[in-house]
Student: 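My questions will all concern the structure given below.
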Amino acid sequence: MQPDLFGPRDDILAPGAMILRGFAAQPEILAEVTRIAAVSPFRHMQTPGGRPIGVEMTNCGALGWVSDRGGYRYQAQDPLTGRPWPPMPAGFVALAGAAAARAGFPGFRPDACLINRYVPGVKMGLHQDRDEADLGAPIVSVSLGLPATFQFGGPERRDPVAKHGLAHGDVVVWGGPARLNWHGILTLKPGEHPATGAARINLTFRRAR
DNA sequence: GAGTGTCC
DNA sequence: GTGC
């Protein structure tokens, strides 16, 4: 058993990384996602090599993460609509800030929220989040809908990875010494969730600049 | 430039 | 699971 230093619903993954169990189960979050996707729809992006990325993505906030033949980057315009991404809802900013503070990173003000939609059979391979200008800010990742297995390793690609189950409402926060740790999501298993149907929605809050 | 994918 |  882990010692109860942070509360019965928190798991420590590594120094600077923790899971806040059930921190983000409010139904308003998914209502906001629906509104965002009505303006900037979910779409498949491509790797710079031209291969399709399995998850469907959209963004809200001042900056959105995009990938295409031109590379990985953050930009203010949605390439699909040519317009700015939908603004980040105030509730998202507050939720991400509260989660970060609880995990030991006070003052987090995200300017980017990448929204990923997983369906059964889709995964995200091990990678680092390193496209952000401000690596001093943490990453806040909210899981909604179908459960998934999260892999979390270390700062080197060869470091061992541990697996952690993520359920609806769980929030993973990592920063400081864990900010560049490798992570990914195993292939989503078939299922249905009352809040999302046959899908998992992930919100990733970042300070991109 | 690219590996959020695919091959061995 | 690994290296690319």
Student: Looking across every strand, which nucleic acid part, if any, lies under 4.0 Å from A:Gly54 by heavy atom: base, sugar-phosphate, or nothing?
Tutor: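 Sugar-phosphate: the residue A:Gly54, judged by heavy atoms under 4.0 Å, touches backbone atoms but no base.
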Student: Distance check needed: B:dG5 C1' versus A:Met124 CE, whole Å only.
Tutor: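 For the pair A:Met124 CE and B:dG5 C1', the rounded distance is 11 Å.
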Student: What's the CZ-P distance between A:Arg157 and C:dC4, to the nearest Å?
Tutor: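 So the two atoms are 10 Å apart, to the nearest Å.
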Student: Tell me which nucleotide, if any, is Watson-Crick or G-U wobble paired with C:dC4 when both distances must be under 3.5 Å.
Tutor: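 B:dG5 - that is the nucleotide pairing with C:dC4, both distances being under 3.5 Å.
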Student: Strictly below 4.0 Å, N to O, side chains only: are A:Asp68 and A:Arg73 in salt-bridge contact?
Tutor: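 Answer for the salt bridge query: yes.
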Student: What class does the angle between the rings of A:His183 and A:Phe150 fall in, given that below 30° is parallel, 30 to 60° is tilted and above 60° is perpendicular?
Tutor: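 The rings of A:His183 and A:Phe150 sit tilted, inter-plane angle from 30° to 60°.
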Student: Between A:Asn181 and A:Trp174, is any side-chain donor less than 3.5 angstrom from a side-chain acceptor?
Tutor: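 Judged by distance alone, the side chains do not pair up.
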Student: Could you tell me how far apart A:Glu156 (CD) and C:dT2 (C1') are, to the nearest whole angstrom?
Tutor: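 It is 16 Å, rounded to the nearest whole Å.
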Student: Strictly below 4.0 Å, N to O, side chains only: are A:Asp78 and A:Arg83 in salt-bridge contact?
Tutor: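 Salt bridge flag = no for A:Arg83 with A:Asp78.
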Student: Of A:Val55 and A:Gly71, whose closest DNA chain B nucleotide lies nearer the 5' terminus?
Tutor: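 Of the two residues, A:Gly71 wins.
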Student: Write down the distance between CD (A:Gln46) and C1' (B:dG5), rounded to a whole number of angstrom.
Tutor: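 Taking CD of A:Gln46 and C1' of B:dG5, I get 12 Å after rounding.
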Student: Output the rounded distance in Å from CG (A:Asp159) to P (C:dG3).
Tutor: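 It is 12 Å, rounded to the nearest whole Å.
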Student: Can you check the A:Leu180 CG to B:dG3 P distance for me, whole Å?
Tutor: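 In whole Å, B:dG3 P and A:Leu180 CG are 19 Å from each other.
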Student: Please state the C1' separation for the pair B:dG3 and C:dG1 - nearest whole angstrom.
Tutor: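 So the two C1' atoms sit 15 Å from each other.
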Student: Could you say whether A:Arg69 or A:Lys123 is positioned toward the 5' end of DNA chain B, judged by the nucleotide with the nearest heavy atom to each?
Tutor: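 Its nearest nucleotide lies further toward 5', so the answer is A:Arg69.
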Student: Check every atom of C:dC4, B:dG3, B:dT6 against the side chain of A:Arg51 and return the nucleotide holding the closest atom.
Tutor: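 Shortest atom-to-atom distance from the side chain points to B:dT6.
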Student: Select base, sugar-phosphate, or nothing to describe what A:Met45 touches, counting heavy atoms under 4.0 Å on all strands.
Tutor: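 Counting heavy atoms under 4.0 Å across all strands, no contact is made by A:Met45.
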Student: Measure from CZ on A:Arg158 to C1' on B:dG3 and round the result to the nearest Å.
Tutor: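 The answer, rounded to whole Å, is 17 Å.
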Student: Which nucleotide sits closest to the side chain of A:Pro48: B:dA2, C:dC4, B:dT6?
Tutor: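 From the listed options, B:dA2 comes nearest.
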